[in-house]
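This structure is a prediction, so every number in the text was calculated from the model and none was measured.
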Amino acid sequence: MFFNRMKSVSTTELQGMLSEKPQILDVREPYEFKNGHIPGAKNLPLAKVGTFTGQGPVYVICQSGMRSSSATKQLTKMGVEAINVNGGMNQWRGAVK
């Protein structure tokens, strides 16, 4: 496995899955999360991703996609099925809480 491609979805694809209640992990800082997040998302800042004890699949989102990409790689190394949400909250057009 020389090239391990990271799984990812668009914000539009994630929005289409909301009725299935996917597990969404928002890796932004708490103050960013409080300013608006996807309903049902759990907040776990990037610095604490190593403490994640759940199971996948988990959809990982941040503000732009940089932190979620890093978190997705880290979770995958931990054996969790993690999927990056491309574009992050900047691209999100669905409901926010």
Side-chain angles (χ1 to χ4, degrees):
M1 251 174 36
F2 292 109
F3 185 67
N4 190 0
R5 185 161 155 73
M6 179 173 34
K7 291 182 182 178
S8 63
V9 296
S10 70
T11 54
T12 306
E13 288 171 306
L14 179 60
Q15 192 173 351
M17 292 183 249
L18 289 183
S19 63
E20 301 163 27
K21 301 214 183 302
Q23 183 177 199
I24 302 170
L25 195 62
D26 190 319
V27 296
R28 297 177 298 159
E29 293 300 313
Y31 74 91
E32 293 174 290
F33 185 78
K34 286 178 187 158
N35 285 335
H37 58 272
I38 299 170
K42 301 277 186 278
N43 185 217
L44 183 66
L46 178 58
K48 296 182 180 176
V49 163
T51 67
F52 182 74
T53 57
Q55 296 185 348
V58 60
Y59 293 86
V60 187
I61 195 164
C62 66
Q63 192 63 43
S64 68
M66 295 299 291
R67 286 177 281 182
S68 61
S69 176
S70 178
T72 299
K73 289 175 188 168
Q74 189 175 346
L75 288 165
T76 300
K77 284 181 184 170
M78 292 166 52
V80 176
E81 182 187 354
I83 300 106
N84 185 47
V85 181
N86 290 327
M89 291 301 291
N90 289 342
Q91 298 294 315
W92 181 254
R93 299 293 174 257
V96 293
K97 187 171 180 180

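- Leu44 and Phe33 are members of different hydrophobic clusters when ILVMFWY side chains are connected at heavy-atom separations under 4.5 Å.
- No more than 12 heavy atoms of other residues, nucleotides or ligands sit less than 6.0 Å from atom CE of Met66.
- Ser68 OG to Lys73 NZ: the interatomic distance, rounded to the nearest 0.5 Å, is 10.0 Å.
- Across every non-hydrogen atom of Thr76 and Ala82, the tightest pair is OG1-CB, 4.1 Å.
- In this structure a side-chain-to-backbone donor-acceptor pair under 3.5 Å is missing from Asn84 to Ser8.
- Distance OG1/Thr12 to CE/Met17: 10.5 Å, rounded to 0.5 Å.
- With hydrogens and angles ignored, the 3.5 Å screen pairs a side-chain donor or acceptor of Asn43 with a backbone N or O of Asp26.
- Here the CG atom belonging to Leu18 is positioned 6.5 Å from the CD atom belonging to Gln15, to the nearest 0.5 angstrom.
- The hydrophobic cluster analysis finds Tyr31 isolated: no Ile, Leu, Val, Met, Phe, Trp or Tyr side chain comes under 4.5 Å of it, directly or through other members.
- Among the candidates Val85, Thr11, Leu14, the single residue satisfying the side-chain contact (heavy atoms from CB on, under 4.5 Å) test with Ile38 is Leu14.
- Cluster membership for Met89 and Val9, using ILVMFWY side-chain heavy atoms within less than 4.5 angstrom, is shared.
- Here Leu25 contributes atom CG and Ile83 contributes atom CD1; the two are 11.5 Å apart, rounded to the nearest 0.5 Å.
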Check residues 49-65 and write down every donor-acceptor pair under 3.5 Å in which the side-chain atom is one partner and the other belongs to a residue at least two apart or another chain.
unit_1: Thr51; atom_1: OG1; unit_2: Lys48; atom_2: O; d: 2.6
unit_1: Gln63; atom_1: OE1; unit_2: Arg28; atom_2: NH1; d: 3.0
unit_1: Gln63; atom_1: NE2; unit_2: Asn90; atom_2: OD1; d: 2.8

Evaluation steps, side chain to side chain contact (heavy atoms under 4.5 Å, CB included), between Leu75 and Met78: CA-CA 5 Å; Leu75 288 165; Met78 292 166 52; 4.3 Å; yes
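- Linking ILVMFWY side-chain heavy atoms closer than 4.5 Å, directly or via other members, places Val27 and Met6 in two distinct hydrophobic clusters.
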